[in-house]
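To start, the structure itself, in structure tokens.
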Amino acid sequence: MAEILRGIGVSPGRAAGPAFRMARPPVLPPPAPVTDAAEEIGAATRALAAVAGHLERQAATAREGEARDILEAQSFMAADVTLRESVEQAVHSGLAAAHAIDAACAHHREALLAAGGYFADRAGDLDDIRNRAVALVLGLPMPGVPDPGHPYVLVADDLAPADTASLDTDTVLAIVTEKGGPTSHTAILARGLGLPAVVACRDATGIPDGTLIQVDGVTGEVEAGIGEDAVAAVRREAEAARERAFTSRGAGRTADGHPVPLLLNIGSALDVRPGAAEGVGLFRTEFLFLDRHDPPSAEEQVAAYTAVLRAVPDGRVVIRTLDAGSDKPLPFLGLPEESNPALGLRGLRTGRVRPEVLDTQLDAIAAAARACGAEPWVMAPMVGTVGEAAGFAERARGRGLRRVGVMVEVPSAALQARRLLEEVDFLSVGTNDLGQYTFAADRQHGDLADLLDPWQPALLRLVAMCAEAGREASKPVGVCGEAAADPLLATVLVGLGVTSLSMAAASVPGVREALGRCSMARCEANARLALSADDAVAARTAVTDAMARAVPERAAT
Ligand code: PEP
Ligand code: MG
């Protein structure tokens, strides 16, 4: 009998297939005396060889490029003679196979970290080898993202940004996690990859591997134990939806023709889908910096920014400078331990301790702009004061970058929107963080999802203040938080006076369609309804009901 679990739908779409869980790293059993050293060495060596072989096969089938290079290097590492020798030594010193692998990897890990740079970055790869080999020796499930050899639904306790970023979208059909909230980075990356996702789904990791499940990324419903027919029906429907998304084109505008540029949120040039939108509204540059012990060099940065500018030759490209700290820790910054990192050194504030990192990044953006003859817009995250905005604008303009803006992610910035627009050329409202800081609710906290709901009237009131300031100054005020990806809420944001909306490519067709069905007057009426509601549920219900009652409006041709 099918069982229904409920979580929060965070990335639209439906998918169905067998569930496979992301296994946790294996836990070592208590040490036991070694009775047959040769047998232990044999078990450990066979496990390392199997891991090396597996990685080699993965490399052979991976697409050419970085992923393949990493897998090849990792497979050499697992087959390395010195690693095997260290394992043998560890067995001779009295450790059984699993403990010997653990000790040998720990030893080599130290050496990699001490060598720094590229080598230190490989420490994580060695941890992965250790976890796989130990799991094999102990007969435990293989840790990390599963690789069953066919399409599946990934079920996990939670995913690190690096796990999600490296997912193979040809085999992963959808994501279900027990932790995470609507604005967590798992949710954002899933939307970026166009994968349906449900987070905060209690007991999901209790679903046995291979169980057929269906996932609804809008309602948050996960049905486990369905039949083959249901899987086939969902797949047909998902295919048709993908087809519609591919064919949906054109500029964003209301039914009576008010243009509302629809832009993309991206992490790299790979996320740019030509023709899918009118430009890039948020280039999250921190994905270039994740999981590294040294910052990317100026040349590497210039190449990454150039790739994006070239991929969008005619449209707007808004590059956000490094947004590090809190839920996006960047080891190389060497930030101090903080008891409350979301309220600490993050976003633009990291420039207080490492100003040279921002300077190098602005230099690289300016160099990329010159190389492409482009004029990117550049903006800083987590700006809290007029002084911070003015300081950032001075640094950017000093390098020849002419369109300078700031993100509104903390209430202080929204309250000062008018003054901020005297210093900068545009605002971009990050509703994910603005919701977190307005409601004092951690954006990763699944149990506080109601407070983080972007329909919260208090959040919308802050957006309205920014839009009003933009109207007075005749300067653009966009939204690039996840609120912009909700088709109905998009009509409210436009009614509040927001001038552009930026979202993952998968969300563009739905938003384009919703705007095309509403005149500006109706968007404004929706905005009034949402603002006057008492809470998020009431706001959503009021606008949904009004739209259901309304006479359809003709899209402008
Ligand atoms: C936001 O906070 O709304 C935003 C767009 O930034 P990020 O999600 O990357 O923190
Ligand atoms: Mg943010």
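First listed ligand is number 1; within each ligand, the first listed atom is number 1.
Not a single N or O atom of Glu286, backbone or side chain, sits closer than 3.5 Å to an N or O atom of ligand 1. Not one N or O of Arg346 is nearer than 3.5 Å to an N or O of ligand 1, by distance alone. Residue Glu482 has no nitrogen or oxygen atom sitting less than 3.5 Å from a nitrogen or oxygen atom of ligand 1, judged on distance alone.
Arg418 and Glu472 are joined by a salt bridge, as a carboxylate oxygen and a charged side-chain nitrogen come within less than 4.0 angstrom of each other. Taking 4.0 Å as the cut-off between side-chain N and carboxylate O, Arg316 and Glu278 do not count as a salt-bridged pair. Taking the charged nitrogens against the carboxylate oxygens, Arg346 and Asp433 do have a contact shorter than 4.0 Å, which makes a salt bridge. A salt bridge links Asp453 to Arg540: one of the charged nitrogens lies within less than 4.0 Å of a carboxylate oxygen. Look at Arg354 and Glu356 and you find a salt bridge, because one of the NZ, NE, NH1 or NH2 atoms lies within 4.0 Å of a carboxylate O, short of that distance. A salt bridge does not link Glu388 with Arg349: every distance from a Lys NZ or Arg NE/NH1/NH2 to an Asp or Glu carboxylate oxygen is 4.0 Å or more.
Asp158 and Thr177 share no donor-acceptor pair across their side chains, judged by distance under 3.5 Å alone.
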Just list the side-chain donor-acceptor pairs under 3.5 Å for residues 486-497, sequence neighbours left out, or say none.
unit_1 : atom_1 : unit_2 : atom_2 : d
Asp486 : OD1    : Leu488 : N      : 3.1
Asp486 : OD1    : Leu489 : N      : 3.2
Asp486 : OD2    : Trp455 : NE1    : 2.9
Thr491 : OG1    : Leu488 : O      : 2.6
Thr491 : OG1    : Asn526 : ND2    : 3.1

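Contacts between Leu282 and ligand 1, counted as non-hydrogen atom pairs separated by less than 4.0 Å, involve the side chain only. Looking at Met382 against ligand 1, nothing comes within 4.0 Å, counting heavy atoms. Proximity of Asn265 to ligand 1, defined as any heavy-atom pair under 4.0 Å, is not found for any part of the residue.
If you number the atoms of ligand 1 from 1 as listed, the ones under 4.0 Å from a heavy atom of Asp433 come out as 1 (C), 2 (O), 3 (O), 10 (O). The Asp323 neighbourhood of ligand 1 comprises atoms 10 (O), with distances under 4.0 Å to a heavy atom of that residue. Interface atoms of ligand 1 facing Thr431, defined by a heavy-atom separation under 4.0 Å, are 3 (O). Listed by number with element, the atoms of ligand 1 under 4.0 angstrom from any heavy atom of Gly481 are 3 (O), 5 (C). Of all the atoms in ligand 1, the ones that sit under 4.0 Å from a non-hydrogen atom of Met407 are 4 (C), 5 (C). Less than 4.0 angstrom separates some heavy atom of Arg443 from each of these atoms of ligand 1: 2 (O), 7 (P), 8 (O), 10 (O).
Crowding of Glu300 atom CD: a count of heavy atoms from other residues, nucleotides or ligands under 6.0 Å exceeding 12.
Ligand 1 lies nowhere less than 4.0 angstrom from a heavy atom belonging to Gln436.
Ring orientation note: the planes of Phe283 and Tyr305 are nearly perpendicular, at an angle over 60° on the 30°/60° scale.
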* Decide yes or no on side chain to side chain contact (heavy atoms under 4.5 Å, CB included) for Val155 and Met22, but give the supporting numbers first. => CA-CA 6 Å; Val155 178; Met22 177 138 146; over 6 Å; no
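Closest approach of Cys201 to Val222, counting heavy atoms only: SG-CG2, 4.1 Å.
Protein contacts to the Mg ion (ligand 2) involving N, O or S atoms at a distance below 2.8 Å are Glu409 OE2, Asp433 OD2.
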